[in-house]
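A short worksheet on the structure shown next.
Keep in mind it's a predicted model, so treat the numbers as computed, not measured. Values reported hereafter were calculated over all heavy atoms of this structure, with side chains retained and with hydrogens, waters and symmetry mates removed. Reminder, nothing fancy here: chain letters follow the sequence lines and each chain counts from 1.
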Amino acid sequence: MATELNGPVRVRFAPSPTGFLHLGGVRTAIYNELLRLHCGGVFVLRIEDTDKARSDEAMTRQIQDALSWTGICWDEGPFLQSERLPRHAERAAELLAADRAYRCFCTSEVLEAQRAEAQKQGGSFRYPRTCAHLAADEIARRVEAGETFVVRFRAPDENILFFDLVRGDMEFPPESIDDFILLRSDGSPTYHMSVVCDDIDMAISHVIRGEDHLSNTPKHVPLFLAFGAAVPTFAHLPLILGPDKKRLSKRFGATSVEEFRAEGILPQALYNYMALLGWSPGEDREILSRDEMGRIFDVDRLNASAAVFDREKLLWMNGQYILASIVEELLPHLGPFIHEAGLDGADPARLATVLELHRSRARTLRELVQSVIPYFRDEVPYDAELCKKFLADPELPVHLAALRDRLAEAEFEKDPLEAALRAVAEERAIKPSVLIHPVRMALSGATGGPPLFDLVAAMGKDETSRHLGHFIAYLRRGGTLPEHQD
RNA sequence: GUCCCCAUCGUCUAGAGGUUAGGACAUCGCCCUUUCAAGGCGGUAACACGGGUUCGAGUCCCGUUGGGGAUACCA
């Protein structure tokens, strides 16, 4: 299916503010933005907050913040659908006047019973058009009598055709929809009425949304037609699945933008990863910026099958972004993690130095900041299990004491430090590694980390001396905790 | 139940009738290295099944199975 998209588009992202921005939502927003970036045009943000019971202003704010954080930019809006309700009712009235819609006095109780019966028979329920052809005077009389009614659309009896960028030409038989409701008995528009009305008023050319709307589309298409409006081109994106191949749910971890942000995922990484979950640039490269993707975005490359969200790969990609960023670029995102780690008062220059040392070792910003805590604490906690082989060497405290004395007069730069340690090792006829590993343990409490002499240099003379002193004492005590502060 | 959609390594995917079925994550091994990462090199690993169509099918058609979605006076 070759799809030549030329000229500017008008796209929209229309979330309902019923919670945090979900991964599926971000991805939909991303593809909207990418199409807009590729073709030029306008990206509209519309908040579908007509369900007052489930929407509130804070959530609306929340969604905008999450989009902005992710790096998604819209050109127009946000428009609140709730503010357009009178317009929707007005347009429904036009349909009523043109006899493309009609008043239906059937109560939901009656309909419910009919529905239950139809399902018991093993079929699907369609509104039986009980009120489709009431006489004008009867309608007038019942309205006059105060009977409540809904407004129903006269669904077409022909096949419904539309084009979907992901699935190609779609054709639905008329039975797949019924005379669905446009206006509820309280006069408020239903979702179908609102979306179509807004998409027309906002001149939306391409509707990119989740696959869960695919079966709503046969309702929307004839509505566009009834209004004499151009039917937009659709793109129904497959759903995002969890590791169990079921709809992504909380029980496998984070599902909202907020949560990934709180874990220390960079916005660019989330954007990049989500864009590739269901779309591929057709080349082997996977690390792509928003602008690059916008340039090469091609709707033909949207995948039609559902994708499993792979947290591991997101983490890997985030690591790639951390690795590719300089500390100055990372810093604006680090605030909450620095606070969480209790490093608010840390010397900024020293913080930057050690963050740099650990950049290639972290997959999230949280991990990165956590890994740097050892440089800022007074006491290093030693794990007897990890220190086992150091405790087994009775000579070690003596060697380390000698090293400590030597380092006290060394220049605290990487190379001189290394020279000093090697000299001590040679004098004492031991291998450098006999000193290297315990020094790492003494200073960081860990067995892994950045190159030792970077670590020592970053730690500084005073801290190094103090930690070494503590560690030597710890070894001499045989690995027990200190009885009191020395 | 009914309608609709989907189906390549464990996962994301490339593949538009003829490929040793390619890449990435994960995994395993090796190299680098004082360690842990990062990086480099290599390995394991896939066309759900059954029928067609065709000289030839991962690619086209039908069916089966499996998964998902929709079946509201929710959006």
Side-chain angles (χ1 to χ4, degrees), chain A residues 1-2 14-18 48-51 53-55 81 104 106-108 111-112 115 118-126 148-152 164 166-167 170 172-173 175-178 180-186 188-192 194-195 210-218 236 238-239 241 243-247 273 276-287 300-301 303-317 319-320 323 358-363 371 418 421 431-437 439-441 444 446-453 455:
Chain A
M1 154 192 54
S16 46
T18 52
E48 312 223 315
D49 60 343
T50 53
D51 187 0
R54 294 198 293 158
S55 313
Q81 198 160 57
C104 164
C106 299
T107 63
S108 32
L111 261 21
E112 204 46 60
R115 194 187 329 274
Q119 287 200 351
K120 215 166 61 185
Q121 302 299 313
S124 62
F125 174 72
R126 298 175 69 217
T148 61
F149 60 87
V150 298
V151 174
R152 287 185 182 272
D164 188 293
V166 177
R167 286 149 226 281
M170 301 294 298
F172 287 80
E175 307 85 74
S176 52
I177 62 166
D178 67 355
F180 57 92
I181 294 171
L182 262 20
L183 252 34
R184 300 186 188 100
S185 49
D186 65 357
S188 65
T190 59
Y191 165 74
H192 305 297
S194 295
V195 231
E211 192 188 26
D212 43 342
H213 288 291
L214 184 58
S215 44
N216 287 149
T217 308
H236 287 97
L239 274 0
L241 273 24
D244 58 351
K245 300 243 183 183
K246 301 225 186 306
R247 206 177 186 144
Y273 176 75
L276 258 32
L277 197 62
W279 175 77
S280 97
E283 51 177 304
D284 288 339
R285 222 151 46 95
E286 294 197 293
I287 305 291
D300 279 345
R301 304 198 69 86
N303 212 309
S305 55
V308 174
F309 174 75
D310 184 0
R311 192 186 151 73
E312 283 300 314
K313 189 154 183 176
L314 202 217
L315 256 20
W316 165 79
M317 194 170 276
Q320 293 292 305
L323 198 55
H358 284 262
R359 226 158 32 90
S360 72
R361 270 159 268 264
R363 295 199 300 174
S371 72
E418 178 161 6
L421 183 140
K431 287 188 290 185
S433 63
V434 172
L435 294 173
I436 285 171
H437 295 291
V439 170
R440 175 184 303 287
M441 178 56 67
S444 70
T447 54
L452 185 78
F453 303 102
L455 189 155

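In terms of position on RNA chain B, the residue among A:Val150 and A:Arg285 whose nearest nucleotide sits closer to the 5' end is A:Arg285. Heavy-atom nearest nucleotides on RNA chain B were determined for A:Leu452 and for A:Tyr191, and the one closer to the 5' end corresponds to A:Leu452.
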Which atom pairs link the protein and nucleotides 36-40 of chain B when you take only N or O atoms and keep those under 3.5 Å?
from: B:rC36; atom 1: O2; to: A:Arg361; atom 2: NH1; distance (Å): 2.8
from: B:rC36; atom 1: O2; to: A:Gly449; atom 2: O; distance (Å): 3.2
from: B:rC36; atom 1: N3; to: A:Arg361; atom 2: NH1; distance (Å): 2.5
from: B:rC36; atom 1: N3; to: A:Gly449; atom 2: O; distance (Å): 3.1
from: B:rA37; atom 1: O2'; to: A:Ser360; atom 2: O; distance (Å): 2.6
from: B:rA37; atom 1: N3; to: A:Ser360; atom 2: OG; distance (Å): 2.9
from: B:rG39; atom 1: OP1; to: A:Gln320; atom 2: NE2; distance (Å): 3.1

For nucleotides 5-13 of chain B, which of its nitrogen or oxygen atoms have a protein nitrogen or oxygen under 3.5 Å away, and what is each distance?
from: B:rC5; atom 1: O2'; to: A:Arg167; atom 2: NH1; distance (Å): 2.3
from: B:rC5; atom 1: O2'; to: A:Glu211; atom 2: OE2; distance (Å): 2.9
from: B:rU11; atom 1: OP1; to: A:Lys245; atom 2: NZ; distance (Å): 2.9
from: B:rC12; atom 1: OP1; to: A:Val308; atom 2: N; distance (Å): 2.9
from: B:rC12; atom 1: O2'; to: A:Leu276; atom 2: O; distance (Å): 3.3
from: B:rU13; atom 1: OP1; to: A:Gly278; atom 2: N; distance (Å): 2.8

Sub-3.5 Å pairs of nitrogen or oxygen atoms, protein against nucleotides 45-48 of chain B:
none

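Nucleotides B:rU20 and B:rA45 have their C1' atoms positioned 16 Å apart, rounded to a whole Å. On the C1' atoms, B:rU19 is 13 Å away from B:rA57, given to the nearest whole Å. For the P atoms, the distance linking B:rG23 with B:rC4 amounts to 39 Å, nearest Å. Taking atom P in both B:rG18 and B:rA37, one finds a spacing of 43 Å when rounded to whole Å. Taking atom P on both nucleotides, B:rG39 is separated from B:rA24 by 12 Å, rounded to a whole Å. Comparing B:rA46 with B:rG58, their C1' atoms are spaced 10 Å from each other, to the whole Å. Taking atom C1' in both B:rC60 and B:rG15, the straight-line distance is 15 Å, to the nearest Å. Taking atom C1' on both B:rA72 and B:rC9, the two are 42 Å apart, rounded to the nearest angstrom.
Scanning atom types as modelled, one donor and one acceptor separated by under 3.5 angstrom connect the side chain of A:Asn216 and the base of B:rA75.
Within 4.0 Å (heavy atoms only), A:Lys431 reaches no atom of the nucleic acid at all. Within 4.0 Å (heavy atoms only), A:His192 reaches at least one base atom of the nucleic acid. If you check every strand for non-hydrogen atoms under 4.0 Å, A:His236 touches nothing. At a threshold of 4.0 angstrom between heavy atoms, the contacts of A:Arg247 are confined to the sugar-phosphate backbone, with no base atom among them. Using a 4.0 Å heavy-atom criterion, one finds that A:Cys106 contacts the bases of the nucleic acid, with or without backbone contacts as well.
Using a 4.5 Å heavy-atom cutoff, the side chains of A:Pro281 and A:Arg301 are not in contact. Put simply, the side chain of A:Leu214 reaches to within 4.5 Å of the side chain of A:Met170, judged on heavy atoms. Considering only heavy atoms from C-beta on, A:Leu314 comes within 4.5 Å of A:Phe309 through its side chain.
Computed from coordinates, the A:Asp284 CG to B:rA14 P distance equals 11 Å when rounded to whole Å. In this structure, A:Asp244 atom CG and B:rG66 atom C1' are separated by 15 Å, rounded to whole Å. As a whole-Å value, the separation of A:Asp300 CG from B:rG15 P is 11 Å. Rounding to whole angstrom units, CE of residue A:Met317 and C1' of B:rC25 are separated by 9 Å.
Partner assigned to B:rU19 is none, using Watson-Crick or G-U wobble distances below 3.5 angstrom. Across all strands shown, B:rG1 pairs with B:rU71; the Watson-Crick or G-U wobble distances both stay below 3.5 Å. Across all strands shown, B:rG66 forms a Watson-Crick or G-U wobble pair with B:rC6, both key distances being under 3.5 Å. In this structure, B:rA14 forms no base pair with any nucleotide, since neither Watson-Crick nor G-U wobble geometry is met with both distances under 3.5 Å. Across every strand in view, B:rC30 sits in a pair with B:rG40 that passes the Watson-Crick or G-U test at under 3.5 angstrom. Across all strands shown, B:rU54 remains unpaired; no Watson-Crick or G-U wobble contact has both distances below 3.5 Å.
Exactly one residue among A:Glu312, A:Gln320, A:Met317 makes a side chain to side chain contact (heavy atoms under 4.5 Å, CB included) with A:Arg363. That residue is A:Glu312.
Listed for the A:Tyr273 side chain is no donor-acceptor partner under 3.5 Å among the backbone atoms of A:Arg311. At distances below 3.5 Å, at least one donor-acceptor pair connects side-chain atoms of A:Arg167 with backbone N or O atoms of A:His236. Of the possible donor and acceptor atoms, one in the side chain of A:Arg126 sits under 3.5 Å from a partner among the backbone N and O of A:Ile177.
For A:Leu239, whose side chain is taken as the heavy atoms from C-beta onward, the closest listed nucleotide among B:rA75, B:rA26, B:rG69 is B:rG69. When each of B:rA75, B:rA72, B:rG69 is scored by its nearest atom to the side-chain atoms of A:Arg115, the top-ranked nucleotide is B:rA72.
Nearest heavy atoms, A:Arg361 versus A:Pro451: NH2-CD, 4.0 Å.
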